Protein chains: 2
Amino acid sequence: MITVAIVDDHKILTDGLQRLIEGSGIAKVVGVAHNAADCRKFINFWKPDVLLLDVGLPDISGVDFCKELKERIPELNVLALTTHNEYSVVRQMLENGASGYLIKNAMTEEVLAGIQAVAGGEAFLCHEIDILMKRPKETHIWLSQREREMLKLVAEGLTNGEIADRIFLSPETIKSYRKNLLLKLGAKNTAVLVRMAIEKKLI
Amino acid sequence: MITVAIVDDHKILTDGLQRLIEGSGIAKVVGVAHNAADCRKFINFWKPDVLLLDVGLPDISGVDFCKELKERIPELNVLALTTHNEYSVVRQMLENGASGYLIKNAMTEEVLAGIQAVAGGEAFLCHEIDILMKRPKETHIWLSQREREMLKLVAEGLTNGEIADRIFLSPETIKSYRKNLLLKLGAKNTAVLVRMAIEKKLI
DNA sequence: GATAAAAACCCCCTTTAGGGGATACCAGAG
DNA sequence: CTCTGGTATCCCCTAAAGGGGGTTTTTATC
């Protein structure tokens with residue numbers, strides 16, 4: 001019997017999910033948490049084969065939390081469970097140690113398939129995400145570290161001069177990065193840039 | 001026995017919710033849809049006492065769909081079920097005919113309490129939303145129709161001149177509205193304005 | 001009938017952003 | 001060893017945004 005722990009702030013979902021998993025007969029739920037803090041407390045007690053981890057937790061970004069957990073418990077199998085079907089989020093989660101990725105509008109059977117696969121050490125992507133990741137690279141927007149950093153600061157409302165002071169670069173450099181971001185994302189101006197950055201979950 | 005229909009694109013959630021409701025003994029699920037189109041097709045066949053309606057549907061805005069349903073079937077009791085705990089969303093849903101409002105991280109018992117209340121013709125807000133709506137008006141941001149329209153256009157990346165052409169006003173008027181929006185939301189510039197507009201779900 | 005918003009308009013002036021270039025260094029892939 | 005991508009820099013010039021005022025009319029509320 002596979003042991004599963006669930007971390008998600010939506011109590012209605014965790015409740016339903018628990019019934020669903022236990023009703024399946026292939027796994028049992030050994031723990032549930034609604035935030036990262038509780039998960040940290042109990043993870044060593046639960047010792048689950050699979051951790052179903054929501055990326056939209058209230059107290060920490062899912063990407064950071066996944067990284068933290070994998071550093072502390074390298075043998076833990078993390079199965080991401082989110083509403084985001086954005087390339088950038090999936091990629092960041094997988095890069096930070098997630099073994100699988102499910103979106104919340106996936107089929108119920110996919111949850112069980114995901115749990116079985118991940119518990120067995122395999123990777124697992126739900127159908128929709130699998131399709132998404134197989135699309136040609138050109139259709140995805142991917143930014144370098146610096147560009148993402150720049151985008152965050154722009155979205156915080158800093159001017160080129162302020163960003164320059166903050167990260168010790170020339171204001172002209174910031175200007176160039178900014179122009180490049182507009183080009184890469186196909187944005188007309190800062191307003192659209194910020195909107196796209198949020199929509200595509202780049203920041 | 002109360003009859004309930006569920007409209008939510010997250011299949012995992014609808015599945016779990018169905019088990020949860022039917023396990024409670026107070027209500028039974030007579031229909032499930034994962035988008036607005038299917039809901040439109042079956043709503044007259046289901047004739048539910050309560051419609052659990054997700055605000056984040058893929059094919060239409062929850063506010064618009066709620067309005068549409070209440071116009072077609074005025075006696076329908078809509079119980080909104082969403083992830084948004086923003087004043088503006090709750091207010092718009094209630095103004096457009098929702099009888100109750102639940103957030104997805106509410107307690108399981110609140111779902112059942114909400115269904116019972118709404119089926120009995122009463123209004124229902126889950127605890128967190130109730131607290132939110134009772135907060136003094138000053139702590140909420142509320143924009144006029146025109147201001148919201150303006151905010152949408154700004155977030156689309158239109159310049160003052162372009163907005164002026166679009167809605168047949170003077171560019172100077174747009175400028176004034178824009179200044180006022182920055183003031184009202186406490187935003188430093190357009191970047192922050194757009195970010196706040198999205199975060200607070202004002203657009 | 002007063003009061004208070006919302007809606008629409010106008011001027012001046014400074015700062016910032018955006019469009020168009022160009023150059024240089026470094027690291028890793030082929 | 002070349003070639004690409006990331007990083008960092010600079011210049012010119014125009015367009016747009018932002019900060020500071022101000023006025024009028026309509027419409028809803030008390």
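All values reported here derive from a predicted model rather than from experimental measurement. Letters go in sequence order (proteins before strands), and every chain restarts at 1.
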Tell whether Ser176(A) reaches the base of dC10(D) with its side chain through a donor-acceptor pair below 3.5 angstrom. yes
Trp142(A) CH2 to dT4(D) C1', in whole Å, measures 19 Å
Of the options dT16(C), dA17(D), dT9(D), whose atoms approach the side-chain atoms of Leu169(A) most closely? dT9(D)
Using heavy-atom distances to pick each residue's nearest nucleotide on DNA chain C, tell me which of Asn189(B) and Ser170(B) is more 5'. Ser170(B)
Are side-chain N/O atoms of Thr190(A) and Arg178(A) paired as donor and acceptor at under 3.5 Å? yes
Does Thr190(B) make a side-chain N or O approach to OP1 or OP2 of dG18(D) shorter than 4.0 Å? yes
What's the closest nucleotide to the Thr173(A) side chain, out of dA8(D), dA7(C), dC9(C)? dA8(D)
Output the single nucleotide from dC9(C), dG6(D), dT7(D) whose closest atom is nearest the side chain of Lys184(A). dG6(D)
Per the side chain to side chain contact (heavy atoms under 4.5 Å, CB included) rule, which among Val118(A), Leu51(A), Val4(A) passes with Asn77(A)? Val118(A)
Nearest whole Å is fine: how far is dA7(C) C1' from Arg178(B) CZ? 18 Å
Rounding to an integer number of Å, can you tell me how far Glu172(A) CD sits from dT9(D) P? 10 Å
Residues Arg40(A), Asp59(A): salt bridge by 4.0 Å N-O rule: no
With respect to the side chain of Gln145(A), which nucleotide from dT7(D), dG20(C), dA16(D) is positioned closest? dT7(D)
Can you measure Leu181(A) atom CG to dG19(C) atom C1' for me and round it to whole angstrom units? 16 Å
Among Ile141(B), Leu151(B), Leu143(B), find the residue that satisfies the side chain to side chain contact (heavy atoms under 4.5 Å, CB included) test when tested with Lys184(B). Leu143(B)
Taking 4.0 angstrom as the limit, do Glu162(B) and Arg166(B) come out as a salt bridge? no
note: Lys179(A), atom NZ; dA15(D), atom P; distance rounded to Å ~ 16 Å
Among the candidates dA7(C), dG18(C), dA8(D), find the nucleotide nearest to the side-chain atoms of Lys175(A). dG18(C)
How close or far is atom P of dA6(C) from atom OH of Tyr177(B), stated in whole angstroms? 10 Å
May I have the distance from Glu147(A) (atom CD) to dG5(D) (atom C1'), rounded to whole angstrom? 10 Å
